[in-house]
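Treat the numbers as computed from the prediction; the structure is a model and nothing was measured. Atom set for the values below is all heavy atoms of this structure, side chains included, hydrogens, waters and symmetry mates excluded. Throughout, a chain's letter reflects where its sequence line sits, starting with A, and its residues are numbered from 1.
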2 protein chains.
Amino acid sequence: MQSVAVAAGVSPMTVSNSFRYPQRVHEETRERVLQIAAELGYVPNHAAGNLASGQSRVIGAVIPSIKNSSFYNYVRGMQEHVADNGYQLILKLADSLEQEAAAIRTLIGLRVAGIALVGDEHEDSARTLLKKTGVPVVEAWVHRNPFDMAVGYSTIDATRAIVELLIVQGYTRIGFVGYEGDVSHRFTERLPAFIQCVEQAGLSSHRIFLIDQAHGFGAGPKALEGLCSIDPELDAIICPTDIVAAGVLFECGRRGWKVPERLAVAGWGDYEIASEITPGITSVHPHAYEMGQNAMSLIIERANGNTRQQVTVDTGFHIVERAST
Amino acid sequence: MQSVAVAAGVSPMTVSNSFRYPQRVHEETRERVLQIAAELGYVPNHAAGNLASGQSRVIGAVIPSIKNSSFYNYVRGMQEHVADNGYQLILKLADSLEQEAAAIRTLIGLRVAGIALVGDEHEDSARTLLKKTGVPVVEAWVHRNPFDMAVGYSTIDATRAIVELLIVQGYTRIGFVGYEGDVSHRFTERLPAFIQCVEQAGLSSHRIFLIDQAHGFGAGPKALEGLCSIDPELDAIICPTDIVAAGVLFECGRRGWKVPERLAVAGWGDYEIASEITPGITSVHPHAYEMGQNAMSLIIERANGNTRQQVTVDTGFHIVERAST
DNA sequence: AATTCAATTTGTAGCGCTACAATATTCTGC
DNA sequence: GCAGAATATTGTAGCGCTACAAATTGAATT
């Protein structure tokens, strides 16, 4: 900074202001400073700025995986929103709760302005740390009982919507594919909603099969086999993601089963494959882009001192009906 | 840090050493310090540490997109390697060269220990900045003419391998799908290799169709249509990614074409879908995990002062033969 | 008991920047 | 031409940490 200041014939403070508070500096001066900075390859040291001001223009987001495209639009929403507001987004990947806790520790070490997490299940140590440091936290993809702030949609309502659609379309032997073990509420909430909804319609809710979350397409054949051993005349299947649904479709192809005549297949997430595969997969579209935008918006508002009363944003969802049901 | 020091009855310097140089501190003392730090929710301020030491244990990686799973194993390789060496990885997403340049500026502002990029095409301003700051840079997925260091494999050799496989299998009317416009060398290198290789075999190289990189599965039908209008009797097709190949497979399904009898389909990247779809897609497996590992390894070595002579690592590839060819 | 040496701990200075208050400069209106 | 306001610029101190050198401690040796 010093050398830029000398080269531009101003004080270091003016260089600092040119970057951080452009309107405080006379336009002509600012342009000269920025040009010389560019020539000298000077980029303000964020670490020093952060230390001096106690503020940060970097927001961290932890996402569970990039294995599937589910988070593409979520990240895009975050990215575009922060860019519009002069912030920067950095990402950390975490496949497990331990990794999430480590990622949170890194982000806190970096003294980011806020942290966006996915889901509402976190390690106790991470919760404690977040609480103690008081950093703004948004949980995305969930919409109740926020730890701090939350943005999401009701997976219960969405489950109900998809079950009701299948019932209206005349399916009666509906199977449900869930994830086994410790997985996020955004998955575990669906099963009770399914059971309640099919029983309300006077149908049986015993067609349930749980698979390992780690599997992608491969889960499809496994799930189909599992459900068929419960009821060989299964006529519809609700999958936890479009990837699993596509796996089921592939397996139907191998078996020579017509979709949806022999079996209706519903997915979740409205991934790109849902619209491109034949038949297209009926799916829950979760407004991921808006979720990303709102997550950043909540953090930026909090960082600017606006403590909002309403700390949960419901971005809703909609059902995309396609040929698979 | 001060309050941890007081609570533990040691000097701030001992707290610092407990975190940064554990072996310098007596085990008993260290454990007490770390335990009190945990109780107090103290996480060392990376900004201050970075400022004081001029060193950073954070490495930044810029990846083009998480839309497809192509970079999953690459990121996993990076992640696991840095964790083993006491470093941290942060990710930035960039869909365009401008976004990449912005991401690089952010990472430089953060004074990261090194930067991993994908491909060898970058904005001039970004190149200049990287050169001037001297931060260690690895370009991944390319393996020649590194800007600083590089880790990748030869897309030319891989193209040759896949073309030769098709020729050996008896296909003669081979079509090639490429990307139009300004895309990375890791794509543009393939077309000349394709042309050279088919001509060497005495075949015609006029079956070429370029598509927009932005399209995913949807590119498949477009490409197939385009190539069929060049040669309706096309008997094999080489796609730029497995996603496009899957799109072609979907389209073949709609047309009632048998794969590989009517048309052989080759993909690239060995994404999960390649092994799960029926028929499985013959694909180029790029050893992405090893690429990620090596990228981090090069940066960490450089950060530790070991200037290696060999700045390019070839992680190779292999062809996975499946039923689609 | 004195000396040596290694292991452990501790002050001090300063990293590059920004908050804040103070100062310098330019612009109004009369 | 001048007071007063508005705009633009500048010192100073300090953010939280670590490099480095110096100091302390304890055990082993003479």
Side-chain angles (χ1 to χ4, degrees), chain A residues 1-34 36-37 40-58 86 105-106 108-113 132-133 135 303-305, chain B residues 1-34 36-37 40-58 86 105-106 108-113 132-133 135 303-305:
Chain A
M1 196 167 91
Q2 188 62 39
S3 57
V4 175
V6 170
V10 294
S11 73
M13 221 26 248
T14 299
V15 177
S16 172
N17 283 330
S18 298
F19 279 95
R20 277 197 61 66
Y21 302 101
Q23 77 286 359
R24 279 191 195 166
V25 179
H26 193 265
E27 192 181 327
E28 216 173 273
T29 315
R30 184 178 67 235
E31 274 169 14
R32 184 155 39 92
V33 168
L34 295 181
I36 286 171
L40 263 48
Y42 167 77
V43 177
N45 185 332
H46 180 269
N50 178 63
L51 189 58
S53 70
Q55 302 207 314
S56 172
R57 301 211 143 251
V58 174
R105 224 166 292 125
T106 303
I108 288 178
L110 250 18
R111 298 294 190 271
V112 292
K132 279 192 175 140
T133 59
V135 60
N304 293 341
Chain B
M1 195 167 93
Q2 186 63 40
S3 56
V4 175
V6 170
V10 295
S11 74
M13 220 27 248
T14 299
V15 178
S16 171
N17 282 331
S18 299
F19 279 96
R20 279 198 59 64
Y21 301 100
Q23 77 288 358
R24 279 190 195 167
V25 179
H26 194 263
E27 192 180 328
E28 216 173 273
T29 316
R30 185 178 66 234
E31 274 168 14
R32 183 156 39 91
V33 167
L34 294 182
I36 287 172
L40 264 49
Y42 167 77
V43 177
N45 186 331
H46 180 269
N50 179 24
L51 190 58
S53 70
Q55 301 207 315
S56 171
R57 300 210 146 251
V58 174
R105 226 166 291 125
T106 302
I108 288 178
L110 251 17
R111 297 295 189 272
V112 292
K132 279 191 175 142
T133 59
V135 60
N304 293 341

Roughly how many Å is it from CZ in A/Arg30 to P in D/dT7, rounded to a whole number?
15 Å
Nearest-Å distance for atom pair CD/P, residues A/Gln2 and D/dT10
12 Å
Sole residue of B/Ile36, B/Val25, B/Thr29 in side-chain contact (heavy atoms from CB on, under 4.5 Å) with B/Ser18:
B/Val25
Do A/Val58 and A/Leu110 touch side chain to side chain, with heavy atoms closer than 4.5 Å?
no
For atom CZ of A/Arg57 and atom P of C/dT18, their distance in whole Å:
11 Å
Tell me if a side-chain donor or acceptor on B/Ser16 pairs with a main-chain N or O of B/Pro12 at a distance below 3.5 Å.
no
Taking A/Arg20 for the side chain and A/Asn17 for the main chain, is one N or O donor matched with an acceptor at less than 3.5 Å?
no
Quick one: A/Glu27 CD to C/dT26 P, roughly how many Å, whole number?
17 Å
Figure out the NE2/C1' separation between A/His26 and D/dT7, and round it to whole Å.
9 Å
Strictly below 4.0 Å, heavy-atom distances to any atom of DNA chain D: list the hits from residues 12-22 of chain A, or just say none.
A/Met13, A/Thr14, A/Asn17
Without decimals, in angstroms, what is the distance between A/Gln23 CD and D/dT7 P?
12 Å
Nucleotide D/dA8, atom C1' - distance to CD of A/Glu31 in whole Å
16 Å
Polar atoms only, N or O, under 3.5 Å: list the protein pairs with nucleotides 4-6 of chain C and their distances.
none

To the nearest angstrom, how far is A/Arg24 atom CZ from C/dA22 atom P?
16 Å
Here the residues of residues 42-55 of chain A within 4.0 Å heavy-atom distance, strictly under, of DNA chain D are A/Leu51, A/Ala52
